[in-house]
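Atoms within each ligand, like the ligands themselves, are counted from 1 in listed order.
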Amino acid sequence: MNTEKYKQLIAEIKPFIAKLIAVSKTKPAEDILQFYNIGQKIFGENKVQEMVSKYEALPKDIEWHLIGHLQTNKVKFIAPFVSMVHSVDSLKLLQEINTHAKKNNRIIDCLLQIFIADEETKFGLSKEELLQLLSSKEFSLLKNIRICGLMGMATNIDDEKKISNEFSQLKKLFDVVKQKYFSSESSFKELSIGMSSDYKIALQHGATLIRVGSIIFGER
Ligand SMILES: *Cc1c(COP(=O)(O)O)cnc(C)c1O
C-alpha cells in the first residue's frame with residue numbers, strides 16, 4: 001500500500017475529468033479500508049466471489065466496479081449491488097445482466113469492452129460486433145441496463161506510441177458511437193482506459209475512468 005502515491009495520483013488527475021477506480025483485486029479488506037478512510041469510494045475487482053465477500057465486509061457506500069471478464073452464470077451474485085460492469089463483451093451477457101437487474105428492481109450501468117490490443121488473450125468486442133449489437137432488436141428491448149460508455153485495454157507493451165494509437169482509436173470509436181446511438185443520452189459519457197503502466201497516456205486521450213491497482217496497492 002502506498003498512500004503517498006495515491007495522493008500524488010489524485011493530484012495528478014485533478015486537471016482532467018477522469019475518476020480513479022482503485023483496483024483492489026487480491027488485496028485484503030484492510031487495505032481497501034485505508035484508502036476508503038482517506039476518501040476513495042470507488043473500487044474495482046475482477047472476480048465475482050472476491051467482490052461479493054468484500055462488499056459484505058466493507059462500508060456500504062463503496063461503489064464496486066466489476067472490471068474483469070464476467071461469466072453469465074455469476075451475474076446474479078453481483079446484480080444486487082454492483083455499480084458498474086466495465087467488461088460487457090456480448091449481447092448474451094447484457095441480456096443476463098438485464099434479467100437480474102430487473103429482478104433486483106434496478107438499472108445496472110454497463111460499459112462495452114472493446115478489443116483494441118494486439119494480443120490474443122484480451123476479451124472484447126470488435127468494432128463491427130459493437131455496431132451490430134447496438135443496432136439489434138434484442139438490444140433495444142433491454143430496459144434494465146444503461147450503456148454508459150466503452151472500456152478497453154491497450155497492449156501490454158512498453159511502447160508509448162502504440163498504446164497511444166490504440167487509445168486514440170477507441171476514443172474515435174466512442175465519438176462515433178455517441179453520435180450515432182447515444183447523442184441524446186447524457187449518461188453515455190465514460191471512456192474507461194488506462195492502468196498503472198499507461199494511465200498518463202489514457203488521460204491524454206480522454207479517459208474518464210482510469211483503473212489503477214499496483215502503483216497504489218503494491219505489486220500483486
Ligand atoms: C488488474 C486490472 C487493472 C489494474 O492493473 P494495474 O496494472 O495493477 O494498475 C485494470 N484493469 C483491469 C481490467 C484489470 O484486470
Side-chain angles (χ1 to χ4, degrees), residues 1-13 16 18-29 31-32 34-35 40-55 62-71 74-75 78 82-90 93 97 109-125 130 148-160 162-164 166-167 170-171 174 190-220:
M1 279 202 57
N2 191 337
T3 50
E4 274 318 303
K5 181 70 210 178
Y6 170 80
K7 287 176 190 165
Q8 268 176 31
L9 181 60
I10 292 296
E12 196 179 344
I13 68 176
F16 298 89
K19 281 198 277 188
L20 170 67
I21 317 283
V23 176
S24 47
K25 62 192 187 194
T26 78
K27 300 295 176 182
D31 288 11
I32 296 175
Q34 292 215 33
F35 284 117
Q40 181 65 27
K41 295 284 139 62
I42 314 176
F43 292 89
E45 289 285 335
N46 69 337
K47 295 215 169 81
V48 165
Q49 201 46 60
E50 190 175 339
M51 185 161 137
V52 170
S53 316
K54 288 173 177 172
Y55 164 74
I62 288 180
E63 282 183 35
W64 293 100
H65 287 225
L66 201 277
I67 59 171
H69 185 63
L70 177 57
Q71 290 173 285
K74 296 202 173 152
V75 172
I78 59 168
V82 69
S83 281
M84 185 177 276
V85 179
H86 288 230
S87 43
V88 177
D89 60 358
S90 71
L93 178 57
I97 296 171
D109 286 343
C110 295
L111 304 180
L112 294 167
Q113 183 173 355
I114 310 303
F115 181 87
I116 52 171
D118 212 2
E119 289 167 1
E120 288 198 1
T121 51
K122 302 256 157 82
F123 293 100
L125 299 158
L130 171 68
C148 296
L150 305 180
M151 181 272 224
M153 287 169 86
T155 305
N156 185 12
I157 190 179
D158 195 11
D159 178 348
E160 199 167 313
K162 183 168 176 57
I163 294 169
S164 199
E166 290 171 359
F167 286 158
L170 187 59
K171 172 68 165 111
F174 173 91
E190 307 292 5
L191 187 60
S192 171
I193 48 173
M195 311 175 27
S196 290
S197 57
D198 56 18
Y199 74 86
K200 287 176 205 268
I201 308 172
L203 290 171
Q204 301 297 335
H205 288 282
T208 65
L209 299 172
I210 58 169
R211 310 177 309 270
V212 174
S214 47
I215 56 169
I216 55 170
F217 277 98
E219 290 301 323
R220 290 180 293 272

Trainee: I need the Asp89 CG to Gln113 CD distance, nearest 0.5 Å.
Mentor: 6.0 Å

Trainee: May I ask you to check whether Ser214 has an N/O atom sitting below 3.5 Å from an N/O atom of ligand 1?
Mentor: yes

Trainee: Looking only at protein heavy atoms, identify the closest one to atom 5 (O) of ligand 1 and say how far it is in Å.
Mentor: Met195 CE, 3.4 Å

Trainee: Which residue and non-hydrogen atom of the protein lie closest to atom 12 (C) of ligand 1, and at what distance in Å?
Mentor: Ile67 CD1, 3.5 Å

Trainee: Which atoms of ligand 1 are found less than 4.0 Å from any heavy atom of Val212?
Mentor: 9 (O)

Trainee: Can you give me the closest heavy-atom contact between Ala207 and Ile210, atom names plus distance?
Mentor: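 Between these two residues, the closest heavy atoms are CB-CG2, 3.9 Å.
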
Trainee: Is the shortest distance from a heavy atom of His86 to ligand 1 less than 4.0 Å?
Mentor: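 Per 4.0 Å heavy-atom rule, His86 does not contact ligand 1.
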
Trainee: What do you reckon, does Arg220 have a nitrogen or oxygen under 3.5 Å from a nitrogen or oxygen of ligand 1?
Mentor: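 Yes: some nitrogen or oxygen of Arg220 is under 3.5 Å from one in ligand 1.
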
Trainee: Run the numbers on Lys54 and Ile62 for side-chain contact (heavy atoms from CB on, under 4.5 Å), then give the verdict.
Mentor: CA-CA 10 Å; Lys54 288 173 177 172; Ile62 288 180; over 6 Å; no

Trainee: In the protein, which heavy atom is nearest to atom 15 (O) of ligand 1, and how far is it?
Mentor: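 I find the closest protein heavy atom is Lys25 NZ, 2.7 Å.
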
Trainee: State, to 0.1 Å, how close Ala18 and Ile13 come at their nearest heavy-atom pair, and which atoms those are.
Mentor: O-CD1, 3.8 Å

Trainee: In terms of atom number and element, which parts of ligand 1 are under 4.0 angstrom from non-hydrogen atoms of Met153?
Mentor: 13 (C)

Trainee: Which heavy atom of Met153 sits nearest to which heavy atom of Ala117, and what is that distance?
Mentor: O-CB, 3.5 Å

Trainee: When Phe167 is tested against each of Leu203, Leu191, Ile193 for side chain to side chain contact (heavy atoms under 4.5 Å, CB included), which residue passes?
Mentor: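 That would be Ile193.
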
Trainee: Which heavy atom of the protein is the closest neighbour of atom 4 (C) of ligand 1, given with residue, atom name and distance?
Mentor: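 Of every protein heavy atom, Arg211 O, 3.6 Å lies nearest to atom 4 (C) of ligand 1.
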
Trainee: Do His69 and Ser87 come within less than 4.5 Å of each other through their side chains, counting heavy atoms only?
Mentor: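 Of all side-chain heavy-atom pairs linking Ser87 with His69, none is under 4.5 Å.
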
Trainee: Inspect the contact between Glu12 and Lys200 and indicate whether a charged nitrogen and a carboxylate oxygen are less than 4.0 angstrom apart.
Mentor: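 Looking at Lys200 and Glu12, the cut-off is met.
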
Trainee: Of the choices Ser196, Gly44, Ser87, which has the non-hydrogen atom that lies closest to atom 9 (O) of ligand 1?
Mentor: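 It is Ser196 that holds the nearest heavy atom.
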
Trainee: Would Gly68 count as being in polar contact with ligand 1, using the rule that some N or O on each side must be under 3.5 angstrom apart?
Mentor: no

